[in-house]
Amino acid sequence: MFTLMPLNINYSFNFGVLLLVILIIQILSGFFLVFFYQNSNDFVFFSMNYIYNEVFFGNLLRNIHCIGANFFFLFVFLHIFKTYFYSNFKNLYILISGILMFFLLCGIGFLGYVLP
């Protein structure tokens, strides 16, 4: 019925949940943007122009997707800082999986940034 909670719990323990919320927002906004984006060197400018000017709330949707990526990496770094600050990296498997996820996220972020 009762669970033991750490004595030093505070708002920094919400970074993981915030990452999940931002990830869901990123997936949904990217899903809706993919309907209007054409990945061809001849039509990239025209598809972005179409999203900005013709799609209903297309400018807002793209800005949410762009700013969401920045907030996602901000909260990833805050989550990593919190982990090292509270010494929660003593389990080796969790540390290695966190490092692998970080490099995977950096690769996905780089590939998303350099889309034509």
When clusters are formed by joining ILVMFWY residues with side-chain heavy atoms under 4.5 Å apart, either directly or through shared neighbours, do [X] and [Y] land in the same one?
X	Y	answer
Y52	L60	no
L18	I27	yes
L104	L100	no
I99	F15	yes
I108	F110	no

Under the criterion side-chain contact (heavy atoms from CB on, under 4.5 Å), I'd like the reasoning laid out for Y84 against L95: C-alpha separation, chi angles, the key distance, then a yes or no.
CA-CA 10 Å; Y84 286 119; L95 176 66; 3.6 Å; yes

Residues L23, L19; criterion side-chain contact (heavy atoms from CB on, under 4.5 Å); working and verdict: CA-CA 6 Å; L23 181 65; L19 283 171; over 6 Å; no

May I ask you to check whether F36 and F32 place their ring centres under 6.0 Å from each other? no

Are the aromatic ring centres of F77 and F102 under 6.0 angstrom apart? yes

What distance separates [X] [atom1] from [Y] [atom2], expressed to the nearest 0.5 Å?
X	Y	atom1	atom2	answer
S97	L92	OG	CG	9.5 Å
H65	L28	NE2	CG	11.0 Å
N59	E54	CG	CD	12.5 Å
I22	N70	CD1	CG	10.5 Å

_Can you classify the ring geometry of F75 versus F71 as parallel (below 30°), tilted (30 to 60°) or perpendicular (above 60°)?_
parallel

Between Q26 and I64, the two heavy atoms sitting closest are OE1-O, 3.7 Å

Taking every heavy atom of H79 against every heavy atom of G16, the minimum-distance pair comes out as ND1-N, 3.9 Å

- Task: List the steps and the verdict of side-chain contact (heavy atoms from CB on, under 4.5 Å) for V76 and L105.
- Result: CA-CA 9 Å; V76 163; L105 287 172; 4.0 Å; yes

